[in-house]
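Naming: A, B, ... by sequence-line order, numbering from 1 per chain.
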Amino acid sequence: MRYHSPTDFASASALAAGASGVTRFLSGGTDVLVQMRAGMVLPDDLIDLKKIPGVSDITQTAGGGWRIGVAVPGIVLGAHEGLKADWPGVVEGMNLVGSTQVQGRATLTGNLCNGSPAADSVPGLVAAGAVVEITGPTGVRTVAVEAIPAGPGKTTLAKGELISAIVLPARGDNAGDAYLRFIPRTEMDIAVVGCAVSLRLSGDTITEARVALGAVAPTVLLVSAAADAIIGTTLDDAALDALAAAASAAANPITDKRGTKEFRVEIAGVLAKRAAKIAFARAKGETA
Amino acid sequence: MTKVHVTTTVNGDTVEFLADPRETLLDCLRDHMGLTGSKEGCGTGDCGACSVELDGTLVCSCLVLGVEAEGKTVSTIEGMANGSELHPLQRKFIEHAALQCGFCTPGILVAARKLLEVNPDPTEEETRYWLAGNLCRCTGYDKIIRAVLDAAAEMRQEVA
Ligand SMILES: Cc1cc2nc3c(=O)[nH]c(=O)nc-3n(C[C@H](O)[C@H](O)[C@H](O)COP(=O)(O)OP(=O)(O)OC[C@H]3O[C@@H](n4cnc5c(N)ncnc54)[C@H](O)[C@@H]3O)c2cc1C
Ligand code: FES
Ligand code: FES
């Protein structure tokens, strides 16, 4: 295995574009090293991104959003008051990943690019309308987070392409988001279902919403029917029931040792209701 | 396989070693530096027996490559006692019998030290969550939690 530590994204991209064997990028390494250890993935070229200037930074964009470096670990996100105030749902999704030790390394970018359908930070990013900046052999392009996963362990990134930053939009007023997952334990487990909701209010009426589901399909789902079920409502019981029905209808899960298909379909609706209530309360400024 | 020359600071001392780039920091600590206090329980980030601090952040050394330690600061269990004087956490673990086989103990001590640094007065729940990535097959955890909370109380009084 060749270990590379380029100091800019163009060089990282060129290394990946020119590599002929198995290639991996190294952010926090909490997926890559586990896969190496298990013999599942033995990279010929490992491209460490942590020597690239700026990858460990969280900066505010000109428009009031947030630009998050590809090597920012969960523990740093969780300690960032400004980011937490704007996007608590995004931060709580990432902070559910692994233990204190894993939080010291694991990144949003790695969570997204590892391609697990159950990745805990991805529904929050999708609900938030986050985009990724991609550096590739032909330059830089920007795409929505939901366009990256292509199925378990797969992404839509082309050879030589890598993510150079994650960008969250400006939060704006009267808005809130939340992420919830179901696991059989309290800690250290993989989501059976995950759901994120982001919404905006005018008075008590929802004017904008995005609902994303994890672990109920080969990729994260952005469920517009679920958002439509609550837009224009005050999140009354009828709206919550319509939301749950739309989330359950969109879920297309498998049965495995963590949960049956039927259970996941049901829980998708339950979590959507609960996450929407939390996002609503946050938008009202009633809870942190 | 070309080996990579790595210079790093471990428990305050400058250390140099040659690492196969596939070797983890845990492998390098144990096999190249003779620091066998950090244990390998799983090698996949699940058990915490390999816990160390890397530039002040608590990590699993089995999930860090040795080459990633270049230019960084590592603290391990070997740096915890001050000569023959045990750290309050180490003393409290003995007093409370918070270990049996001891395999998980170095990792738990390193993780608990970090907890008390960032939160000198943790609740039992905060302590249990912080240590959720440290598995123990012997004690049932209760004595570990008691030892950590007792050490925290003692350390707070010392400062006050
Ligand atoms: C004990 C343990 C518990 C865990 N618990 C959870 C959990 O509860 N929920 C959860 O979702 N995950 C969990 N994980 C999985 C893992 O921690 C997360 O997926 C983490 O966010 C991965 O981030 P990383 O920076 O460590 O990724 P890395 O391991 O560095 O990289 C992961 C993948 O992303 C690619 N990649 C990295 N950076 C880029 C880039 N800039 N551009 C393109 N591709 C890139 C790599 O090539 C690799 O394929 C757990 C892991 C462990 C070891
Ligand atoms: S050996 Fe590193 S977590 Fe188990
Ligand atoms: S004392 Fe044996 S594993 Fe904890």
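- Although no hydrogens or angles enter the test, the distance criterion places a donor-acceptor pair under 3.5 Å between the side chain of B:Asn11 and the main chain of B:Thr76.
- Contact of B:Thr57 with chain A is made through the side chain alone, with heavy-atom distances under 4.5 Å.
- A salt bridge between B:Glu117 and B:Arg113 is absent, with no side-chain N of the basic residue lying under 4.0 Å from a carboxylate O of the acidic one.
- Listed options A:Gln103, A:Arg105, A:Met36 were ranked by heavy-atom pairs under 4.5 angstrom with chain B; first place goes to A:Arg105.
- Your options are B:Val64, B:Leu115, B:Asn134, and the one with the most heavy-atom pairs under 4.5 Å with chain A is B:Val64.
- Proximity to chain B (any heavy atom under 4.5 Å) is restricted, for A:Leu46, to the side chain, taken from C-beta onward.
- Salt bridge annotation for A:Asp44-A:Arg2: absent, with no cationic side-chain nitrogen under 4.0 angstrom from a carboxylate oxygen.
- Ion pairing between B:Arg146 and B:Asp142 holds under the 4.0 Å rule for side-chain N and carboxylate O.
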